[in-house]
Amino acid sequence: MVEIARRGLMLVLSSPSGAGKSTLSRLLLEAEGEQMVMSVSTTTRPPRPGEVDGRDYHFVDVATFEKLVEEDALLEHARVFDNYYGTPVAPVEKALSAGKDVLFDIDWQGTQQLAQKNPKDLVRVFILPPSTAELARRLETRGQDSPDVVARRMAKAGEEISHWAEYDYVIINDELEAALDRIRSILRAERLKRDRQTGLVKFVKDLMEGSGG
Ligand code: 5GP
């Protein structure tokens, strides 16, 4: 098979919490194997039970976070609820240059910043829940957060959803496997974009020379 070198893409999945984004991200990473890496964000939010530092997030205090912002070490950053979240820049550029795609679980504020900084590498996907009732049910049964946190997330969901039109693709997560398949279709097509296929220039040059053109 002919392999053409390519630059990786930045795949952003945004959604209100409870739309099934974490599960979809996990399944997507499993399915894509070495072709895709997850961007591990830095946050000032305390870890939830079961979360591992360096895997789920880099957990830092506010002073450390502010230092990272000053040093320009974050590709984007935002305040979500009462905490700060940001994307470390170095691992992202390393992966993209190596031809690997990077998956981001960031909110609309971060997505807007990426669109300003890296529009060419960016593919934005918004995930919607199938209904308000289903969204509420998923937030309640998650069981990791206190009732007032759940209520605030529900209120915030409307705000997050209002940004749906800033995304390139919108997926309704009515059925997990189907939603995963839709995201993978987007990936397959986006990977074929001419600009991402950095090895094409040489390939086509060789083709033309070989054909005497
Ligand atoms: P959680 O606290 O539930 O893990 O995340 C809360 C929200 O913060 C989610 O909507 C998630 O997408 C967003 N988020 C997580 N990491 C980042 C980040 O690095 N940047 C931005 N802008 N948002 C993030």
Side-chain angles (χ1 to χ4, degrees), residues 10-26 28-29 37-62 64-69 71-93 95-96 102-119 121-129 135-136 138-164 166-167 169-171 173 179 183:
M10 309 197 323
L11 181 70
V12 169
L13 293 185
S14 292
S15 74
S17 43
K21 180 178 51 179
S22 321
T23 311
L24 275 171
S25 301
R26 184 172 50 74
L28 184 63
L29 285 168
V37 294
M38 181 87 203
S39 165
V40 179
S41 296
T42 298
T43 184
T44 59
R45 159 167 89 57
R48 295 196 186 113
E51 283 184 333
V52 176
D53 187 38
R55 184 192 69 187
D56 299 290
Y57 281 103
H58 302 287
F59 296 100
V60 299
D61 57 22
V62 175
T64 307
F65 192 93
E66 284 170 349
K67 195 156 167 278
L68 291 171
V69 173
E71 290 169 350
D72 237 1
L74 301 178
L75 195 54
E76 60 75 35
H77 59 93
R79 187 182 168 135
V80 185
F81 305 110
D82 292 331
N83 301 299
Y84 295 103
Y85 295 82
T87 302
V89 64
V92 175
E93 190 44 51
L96 295 181
V102 184
L103 178 63
F104 296 82
D105 173 350
I106 63 175
D107 77 335
W108 62 270
Q109 304 174 77
T111 309
Q112 284 187 351
Q113 293 170 47
L114 293 191
Q116 299 225 318
K117 280 197 182 165
N118 279 40
D121 292 325
L122 190 63
V123 179
R124 295 165 294 187
V125 179
F126 199 85
I127 301 168
L128 289 172
L135 181 67
R138 288 182 193 168
L139 279 180
E140 279 156 16
T141 53
R142 193 151 81 170
Q144 286 191 348
D145 298 303
S146 59
D148 63 315
V149 169
V150 171
R152 279 175 66 200
R153 279 174 192 261
M154 197 62 201
K156 190 98 179 163
E159 189 193 322
E160 186 78 27
I161 290 175
S162 72
H163 291 275
W164 70 280
E166 295 160 25
Y167 288 71
Y169 300 91
V170 177
I171 279 177
N173 186 14
I183 297 175

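Numbering of ligands and ligand atoms starts at 1, following listing order.
Close contacts of ligand 1 with Gly110, meaning ligand atoms under 4.0 Å from a residue heavy atom, involve 22 (N). Within ligand 1, the atoms closer than 4.0 Å to a non-hydrogen atom of Thr87 are 19 (O), numbered from 1 in the order shown. For ligand 1, the atoms lying closer than 4.0 Å to a non-hydrogen atom of Gly86 are 18 (C), 19 (O). Listed by atom number, the atoms of ligand 1 under 4.0 Å from Arg45 heavy atoms are 1 (P), 2 (O), 4 (O). Close approach of ligand 1 to Ala78 is summarised as follows: ligand atoms under 4.0 Å from at least one heavy atom of the residue are 22 (N).
Between the side chains of Tyr57 and Thr42, no donor N or O sits under 3.5 Å from an acceptor N or O. A donor atom on one side chain and an acceptor atom on the other are not found under 3.5 Å apart for Thr43 and Tyr84.
We find that Lys156 and Glu160 are not joined by a salt bridge, their nearest charged nitrogen and carboxylate oxygen being 4.0 Å or further apart.
The closest approach between a heavy atom of Glu160 and any atom of ligand 1 is not below 4.0 Å. For Gln109, the heavy-atom gap to ligand 1 stays at 4.0 angstrom or more. A heavy-atom separation below 4.0 Å is found between Tyr57 and ligand 1. Not a single heavy atom of His77 sits under 4.0 Å from any atom of ligand 1. Contact analysis leaves Ser17 out of contact with ligand 1, as no non-hydrogen atom separation drops below 4.0 angstrom.
Counting heavy atoms closer than 4.0 Å to ligand 1, residue Lys21 contributes side-chain atoms (C-beta onward) but none from N, CA, C or O. Neither the backbone nor the side chain of His58 comes within contact range of ligand 1; no heavy atom lies under 4.0 Å.
Of the N or O atoms in Val80, none lie within a sub-3.5 Å distance of an N or O in ligand 1. At a 3.5 angstrom cut-off on N or O pairs, Asp105 counts as close to ligand 1. Polar contact with ligand 1: absent for Glu51 (N/O pair, distance under 3.5 Å). Of the N or O atoms in Ser15, none lie within a sub-3.5 Å distance of an N or O in ligand 1.
In this structure, Asn83 CG and Arg45 CZ are separated by 7.0 Å, a value rounded to the nearest 0.5 Å. Rounding to the nearest 0.5 angstrom, the gap separating the CE atom in Met10 from the CG atom in Leu122 is 5.0 Å.
Nearest residue to atom 2 (O) of ligand 1 from Phe81, Tyr85, Tyr84 is Tyr85 (criterion: closest heavy atom). When the heavy atoms of Ile106, Asp56, Asp107 are ranked by distance to atom 22 (N) of ligand 1, first place goes to Asp107.
Taking all atoms of both residues into account, the shortest heavy-atom contact from Arg79 to Gln109 is O-NE2, 3.0 Å.
Side-chain N or O atoms of Asn173 include none that pairs as donor or acceptor with a backbone N or O of Ala179 at under 3.5 Å.
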